[in-house]
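Start at 1 and go down the list; that is how both ligands and their atoms are numbered.
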Amino acid sequence: MSLIEPILWDDWHVVAEFERLERLGGLQTVLLGEPITLTIDADSGCISARRTGRAQAADGAQAADGALSADGAPSTAVAVKYGFVWVCLGTPQRPIVEFAECEEPGRLLASAGSVRVAVSGLRAVENFLDLSHLAFVHAGFLGEEPHTEIEAYAVDPLEGGGIIATGCRVYQPKASPVAAPGFDVDYIYAVLRPYIVVLYKANPVEQARKDMIALFVQPVTEESCIAHILTCYLPHEIDLPAVRRFQQFIFGQDRPILENQLPKRLPLAPRAEISVRADKSSAAYRRWLSESGVRFGAIPAL
Ligand SMILES: [Fe+2]
């Protein structure tokens, strides 16, 4: 088995909602194909993450399969941020992503849940970026016919890696749990890491300020993932359980479509799948993944 590329191995990934770990006291999950056991000490609140799958050779190469008990398994870097548990399997090369909005007073920060999807996590990120599906997949909520035209928008590289799409404008009948009536919503998307994407959208009450929804995708295997959703809303008439239900409902509409995509991994070759204007961000995303050498969850360009 080949090594996982450092851009993923040496970075932080969400592996659980903190609240869920706290409630269960321990849980098992898989990140980049590596089984992990998370535990929380009831007295100290200390969290530990151990790789309970394959044994690791001293040089970091993956040795033959052999399940390890949680006690003897190597521990790995773990942290809690934004209500989620983050793990880095290798040596962290940079900090966990930061969002200035989450530090603003009065913002309502909450997990909107974790959804398991039987497709590459890169496909889940790309779907989140895709403006053209809103009027069809989320008709009546995030889009509506005949408002299917996608206006031109800009896609630029981000300093430090990733891409940003600005000037996106979409008519939405019900842009959020409190939005009524429909209005043209300004969107900004930023892909900050191969498996992390954030969406800023105009708040229905304060249209000059933006609500934020981040998708932290946990690559489980190359063809399956868990999408963890963080919402950071302005506090106007927001009811967090309703936000969670709304986001779960919206993601529930995406899930069957994602799971029916073939191939399940994301092809990175240019023109591997038909491209239209609304796919500008998706084309830039694939190009950046390819240039960055991301292979896990992808079908690399030759
Ligand atoms: Fe969607």
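- Judged as a side-chain hydrogen bond (donor to acceptor under 3.5 Å, both in side chains), and not counting sequence neighbours, S75 has no contacts.
- Applying the ring-ring contact (aromatic ring centres under 6.0 Å, His included) test to pairs two or more places apart or on separate chains, those with a residue in residues 98-124 are Y82-F99.
- Residue-and-atom listing of protein N/O/S atoms under 2.8 Å from the Fe ion (ligand 1), sorted by chain and number: H133 NE2, H138 NE2, D254 OD1, D254 OD2.
- Of the possible polar contacts, none joining the E223 side chain to the T221 backbone as a donor-acceptor pair under 3.5 Å is found.
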Donor-acceptor pairs under 3.5 Å, side chain of residues 112-121 to any protein atom, not counting sequence neighbours: which ones?
from: S114; atom 1: OG; to: H228; atom 2: ND1; distance (Å): 2.7
from: S120; atom 1: OG; to: L122; atom 2: N; distance (Å): 3.0
from: S120; atom 1: OG; to: G297; atom 2: O; distance (Å): 2.8

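- Once rounded to the nearest 0.5 Å, the distance linking CD of E17 with CZ of F216 reads 11.5 Å.
- Side chain to side chain, Q28 and T52 fail the donor-acceptor criterion of an N or O pair below 3.5 Å.
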